[in-house]
Amino acid sequence: MTATRPLHILVLNGANLNLLGKREPEIYGYQTLYDIEQDLTNIAKKHSTNITFYQSNSESALIDKIHHHGLLTGIDEEKIDAVIINPAGFTHTSVVLRDALLAINKPFVEVHLSNVHSREPFRHHSYFSDKAEAVICGLGAMGYTSALNYLLQKFAK
Ligand code: DQA
């Protein structure tokens with residue numbers, strides 16, 4: 001963050017999270033992604049913080065978004081300070097998404113709605129957790145608000 005612009009957080013959501021509310025609600029809850037984004041927007045507004053949301057089912061689109069906001073843009077308002085990411089299924093598969101986050105060298109918080117450790121063994125490994133500043137799983141939608149509140153406190157210091 002520079003003295004001349006407000007804090008800016010990028011919130012990324014991976015594959016199938018556009019279906020939140022309809023998709024396996026007993027696991028992922030009944031809130032839609034829009035509901036979650038509204039909650040985050042309200043918190044960000046109270047702290048005069050900019051927040052950008054992006055969801056994609058495509059790994060490459062997510063990577064392009066990270067590159068753009070993290071490193072490539074020349075526009076000050078588009079530059080970000082930190083990322084909240086739920087990589088969804090890419091959590092367990094994606095070296096390239098991990099590499100994109102490392103390339104921009106910004107702190108990121110990894111969020112999962114469900115407790116991935118209480119689920120199938122293939123969900124226990126994450127390509128992100130060892131590099132994440134924090135990992136939140138199993139809190140449902142509250143995981144996103146907790147991540148945002150954490151980052152707001154971190155950058156307020
Ligand atoms: C998820 C957990 C992943 O294992 C799964 O593939 C998802 C969502 C979660 O938020 O709990 O799509 O990231």
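Computed from heavy atoms alone, side chains included, the values below leave out hydrogens, waters and symmetry copies. We count ligands from 1, going down the list as the structure has it; atoms in each ligand are counted the same way.
Checked for salt-bridge contact, Lys131 and Asp99 miss the test: no charged N lies under 4.0 Å from a carboxylate O. Using a 4.0 Å cut-off between charged nitrogen and carboxylate oxygen, Arg5 and Asp81 count as a salt-bridge pair.
Put simply, the side chain of Asp39 reaches to within 4.5 Å of the side chain of Gln31, judged on heavy atoms.
The side chain to side chain contact (heavy atoms under 4.5 Å, CB included) test applied to Tyr30 returns Pro25, not counting sequence neighbours. In this view, Asn16 and Arg23 satisfy the side chain to side chain contact (heavy atoms under 4.5 Å, CB included) rule, not counting sequence neighbours. The ring-ring contact (aromatic ring centres under 6.0 Å, His included) test applied to Tyr150 returns no partner, not counting sequence neighbours.
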Tabulating one pair per line, provide the atom names and distances (0.1 Å) for every N/O atom of ligand 1 that is less than 3.5 Å from a protein N/O atom.
unit_1: ligand 1; atom_1: 4 (O); unit_2: His92; atom_2: NE2; d: 2.7
unit_1: ligand 1; atom_1: 4 (O); unit_2: Arg123; atom_2: NH1; d: 2.8
unit_1: ligand 1; atom_1: 6 (O); unit_2: Gly89; atom_2: N; d: 3.2
unit_1: ligand 1; atom_1: 6 (O); unit_2: Arg123; atom_2: NH1; d: 3.1
unit_1: ligand 1; atom_1: 10 (O); unit_2: Asn86; atom_2: ND2; d: 2.8
unit_1: ligand 1; atom_1: 10 (O); unit_2: Leu113; atom_2: N; d: 2.8
unit_1: ligand 1; atom_1: 11 (O); unit_2: Leu113; atom_2: N; d: 3.3
unit_1: ligand 1; atom_1: 11 (O); unit_2: Ser114; atom_2: N; d: 2.9
unit_1: ligand 1; atom_1: 11 (O); unit_2: Ser114; atom_2: OG; d: 2.6
unit_1: ligand 1; atom_1: 12 (O); unit_2: Arg23; atom_2: NH1; d: 3.1
unit_1: ligand 1; atom_1: 12 (O); unit_2: Arg23; atom_2: NH2; d: 3.0
unit_1: ligand 1; atom_1: 13 (O); unit_2: Asn86; atom_2: OD1; d: 2.8
unit_1: ligand 1; atom_1: 13 (O); unit_2: His112; atom_2: ND1; d: 2.8

